[in-house]
2 protein chains.
Amino acid sequence: MSMRNSGSTGVTLLDVAREAGVHVSTVSRALDPAHHARVKDATRLHIEAVAHKLGYRPDMVARGLQSGRTAAVGVIVADLGNTFITPVIHGLTAAVETAGMMPMIAETEDDHDRFSNILDHMLSRRVDAMVVTSARTADREILEAAGRIVPIVLAGRPLDGTSLAQVIVDEVSGGRLVAEHFAGLGHRLVAQLRGPLDVANFPRRASGFSAACTEAGIEEVLVDEAATLPIIDEGRRIMQVLMDQTTALPSALFAHNDLMALGALTLLRDNGIVVPDDIALAGYNNLPTVGHVSPSLTTVNYPSTDVGRIAGEMILSLLAGDSVVDVVLEPELVVRHSTQTKA
Amino acid sequence: MSMRNSGSTGVTLLDVAREAGVHVSTVSRALDPAHHARVKDATRLHIEAVAHKLGYRPDMVARGLQSGRTAAVGVIVADLGNTFITPVIHGLTAAVETAGMMPMIAETEDDHDRFSNILDHMLSRRVDAMVVTSARTADREILEAAGRIVPIVLAGRPLDGTSLAQVIVDEVSGGRLVAEHFAGLGHRLVAQLRGPLDVANFPRRASGFSAACTEAGIEEVLVDEAATLPIIDEGRRIMQVLMDQTTALPSALFAHNDLMALGALTLLRDNGIVVPDDIALAGYNNLPTVGHVSPSLTTVNYPSTDVGRIAGEMILSLLAGDSVVDVVLEPELVVRHSTQTKA
DNA sequence: CTGTTAGCGCTTTCAA
DNA sequence: TTGAAAGCGCTAACAG
């Protein structure tokens with residue numbers, strides 16, 4: 001009944017070496033695909049058999065201490081409740097899994113201190129690389145400092161003026177798509193329910209939307225406040241701000257993400273305002289659930305799986321010492337019922 | 001321009017020791033809250049200052065190798081798209097954060113091989129403990145084997161006949177709540193859209209529901225199939241199975257979780273069947289979004305935050321060498337529009 | 001209260 | 001092709 005001494009099974013390389021009648025370093029080589037060659041086939045086979053029999057499991061911690069590599073890629077997300085992140089993670093997992101790596105996810109809950117904390121932990125845990133989907137303006141410096149230690153890829157949330165690798169979506173274009181849709185529907189007065197200003201996605205969506213409105217000769221009501229977080233409750237709150245601010249409600253609303261759209265939707269319903277009959281509402285992200293509700297939500301599809309996959313591929317390239325170029329993906333408008341008055 | 005040699009800043013204990021003019025072990029003690037006492041205040045203060053100046057960050061990997069503790073708790077989840085998990089993670093984070101620990105999350109996508117893989121990785125990464133929310137019947141043996149190496153708490157998803165610590169919800173009671181609600185509404189013919197049979201939650205929900213139906217004299221249509229995964233698409237598919245199976249549709253449906261309810265809802269809508277006017281529909285979990293859609297979903301509230309928090313507290317107790325007792329939380333019915341015909 | 005001395009389990013020169 | 005030896009950065013006895 002000894003305390004566990006290995007984090008794993010308790011079976012160490014030394015155990016395998018003894019049982020196999022060879023030196024520990026031979027076992028190390030035999031079990032390491034990169035050094036397969038340096039050991040005689042017969043002994044390697046024998047060692048593999050023994051290792052298997054004993055249930056040997058390499059200790060990543062010990063390995064990491066020596067080699068610097070831990071086969072872990074840290075993933076930092078802002079809010080797991082915002083499910084556009086789920087496909088990002090799936091895509092990423094699929095990509096790095098091919099190299100035997102595993103994503104380790106941590107959530108900031110969009111809190112700067114926690115972000116900084118997580119960054120520290122991951123670094124001190126020697127992840128081989130990081131994918132950050134939660135970048136805010138204020139995080140830039142510590143992120144870039146971290147980027148000098150391990151490769152970092154920014155995915156989904158861009159950061160202005162950074163040299164870190166990014167795979168992002170053309171948010172300006174996304175905003176335009178919504179405005180052009182509204183224009184095509186004949187709306188003349190619209191408004192945006194803006195997301196946090198320190199998350200670069202949202203100002204970009206806003207500027208694309210506004211520019212296209214101007215071009216189409218559509219008037220925009222400027223809501224006095226932007227959301228502090230891109231969540232349901234804030235969507236509802238900002239909607240309330242708009243309603244308090246004017247009696248002449250616009251005929252179409254662009255919520256900067258689907259969660260905010262849901263919050264706005266509830267407030268409207270509570271006030272007897274019907275979407276889309278009384279007011280049109282569009283979101284952003286195309287969360288897996290928003291096509292299944294009534295009214296089904298018109299939104300901008302976010303190519304989440306691709307974002308994740310490409311981020312993973314970038315990580316692998318960076319780790320291989322190759323350089324990478326930023327990738328910008330194109331969003332697509334998904335028209336559903338929330339912007340369609342009945343046929 | 002040297003390669004990083006530490007996973008962290010590159011500043012090691014030795015660097016701090018040299019700069020401070022003391023031995024490395026003195027630094028180790030000074031910086032470790034648990035050994036604060038064993039070092040003179042003056043030297044400790046001095047060391048802390050030096051450490052801060054140099055930007056020293058402890059290397060968890062090296063620490064873990066020696067001490068066996070890494071301040072990480074592994075969290076294994078099945079599907080991040082099922083957002084009842086989000087509050088679980090928040091509760092857990094809040095609880096273990098107090099002890100300076102950090103959750104490291106990995107997702108199985110409800111795949112047994114990936115589950116086994118993740119378990120391995122986490123063990124070999126020497127997490128101090130694990131919280132598993134993704135348990136399936138087939139995972140039991142490897143889970144219990146892992147439980148002999150580190151403390152494991154099962155959260156949310158129970159496992160039949162295990163000795164691992166659990167914090168779960170009374171699923172039988174949850175199923176009953178729905179049936180009793182249907183009975184109160186006067187329904188006489190009902191059906192369940194059943195979740196995967198190898199995830200213990202679902203058979204329990206089913207049996208509670210069926211038992212209460214029998215007691216209330218309600219007839220239940222048995223759907224030929226159960227979902228293979230508790231997701232939107234499967235909810236839709238099972239709903240189709242039911243529709244193919246009978247022309248006499250029941251007047252109320254119990255989907256075993258909210259995602260499945262959403263899938264069923266869409267199929268019903270596509271067939272011109274109106275919820276709740278033509279058929280009542282209830283889900284399970286009370287996902288953060290389902291109160292914001294139309295019809296807002298009647299569901300069973302899952303005390304997710306509490307599940308997470310308690311799991312975290314259990315982990316802490318287990319780590320402190322204390323024993324813990326299983327916790328069973330009570331679910332609550334949340335009545336919304338999907339089961340209410342208009343007033 | 002502080003320094004010395006051993007390792008944790010593994011990879012990696014360097015020899016043989 | 002294999003063994004020996006050193007050491008990654010840290011903690012933990014054991015002395016003093």
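Numbers restart at 1 for each chain; the letters A, B, ... are given by sequence-line order, proteins then strands.
Listed here is the closest heavy atom pair of B/Met314 and B/Asp326: CE-CA, 4.0 Å. When all heavy atoms of A/Asp139 and A/Ser134 are compared, the closest pair comes out as OD2-O, 3.7 Å.
The A/Lys40 side chain lies nearest to D/dT2 when the options are D/dT11, C/dT2, D/dT2. Out of C/dT11, D/dC10, C/dG3, the shortest distance to the side chain of A/Arg63 is found at C/dT11. Nearest nucleotide to the side chain of A/Thr43, out of C/dT2, C/dT11, D/dT1: D/dT1. The side chain of A/His23 sits closest to D/dG3 out of C/dT4, D/dG3, C/dT11. Among the nucleotides C/dG3, D/dT11, C/dT2, the one closest to the side chain of B/Ser25 is C/dG3. Considering only side-chain atoms of A/Ser28, the nucleotide from D/dG9, C/dT12, C/dT2 that sits closest is C/dT12.
Atom CE of B/Met60 is separated from atom P of D/dT11 by 10 Å (rounded to the nearest Å). Between A/Arg126 atom CZ and D/dC10 atom C1' the separation is 10 Å, expressed in whole Å. Put simply, CG on A/Asp41 is 15 Å from C1' on D/dT2, counting in whole angstrom units. We find that CG of B/Leu65 is positioned 12 Å from P of C/dT11, with the value rounded to whole Å. To the nearest angstrom, C1' of C/dG9 lies 15 Å from CG of A/Asp32. Residue A/Leu45 contributes atom CG, which lies 14 Å from atom P of D/dT1 at whole-angstrom precision. Distance, B/Arg38 CZ to C/dG3 P: 15 Å, rounded to whole Å. When the C1' atom of D/dC10 is taken as reference, atom CD1 of B/Ile47 falls 15 Å away, rounded to whole Å.
A donor-acceptor pair shorter than 3.5 Å cannot be found between the side chains of A/Thr93 and B/Glu107.
Comparing B/Val61 and B/Thr26 by the nucleotide of DNA chain D that holds the closest heavy atom to each, the one mapping nearer the 5' end is B/Val61. Positionally, the nearest nucleotide of DNA chain C for B/Val24 lies more toward the 5' end than for the other of B/Val24 and B/Ser67.
Taking only side-chain nitrogens and oxygens, A/His35 comes nearer than 4.0 Å to OP1 or OP2 of C/dT12. Listed pair B/Arg69 / D/dA12 meets the phosphate criterion, a side-chain N or O lying under 4.0 Å from OP1 or OP2.
A donor-acceptor contact under 3.5 Å is formed by the side chain of B/Arg29 with the base of C/dG3. Contact annotation: side chain of B/Gln66 to base of D/dG9, donor-acceptor pair absent below 3.5 Å.
Rounded to whole Å, the separation between the P atoms of C/dT5 and D/dA6 comes to 16 Å.
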Practice task
Determine, step by step, whether A/Ile105 and A/Ile89 satisfy the side chain to side chain contact (heavy atoms under 4.5 Å, CB included) criterion, reporting the C-alpha distance in whole Å, the side-chain angles of both residues, the deciding distance to 0.1 Å, and the verdict.
Solution key: CA-CA 9 Å; A/Ile105 306 158; A/Ile89 291 170; 3.8 Å; yes
Exercise for the section: Show your reasoning for whether salt bridge (charged side-chain N to carboxylate O under 4.0 Å, His left out) applies to A/Arg44 and A/Asp41. Expected result: CA-CA 5 Å; A/Arg44 178 169 58 77; A/Asp41 274 18; 3.5 Å; yes
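A/Leu316 is not listed as a side-chain neighbour of A/Glu313, based on a closest heavy-atom distance of 4.5 Å or more.
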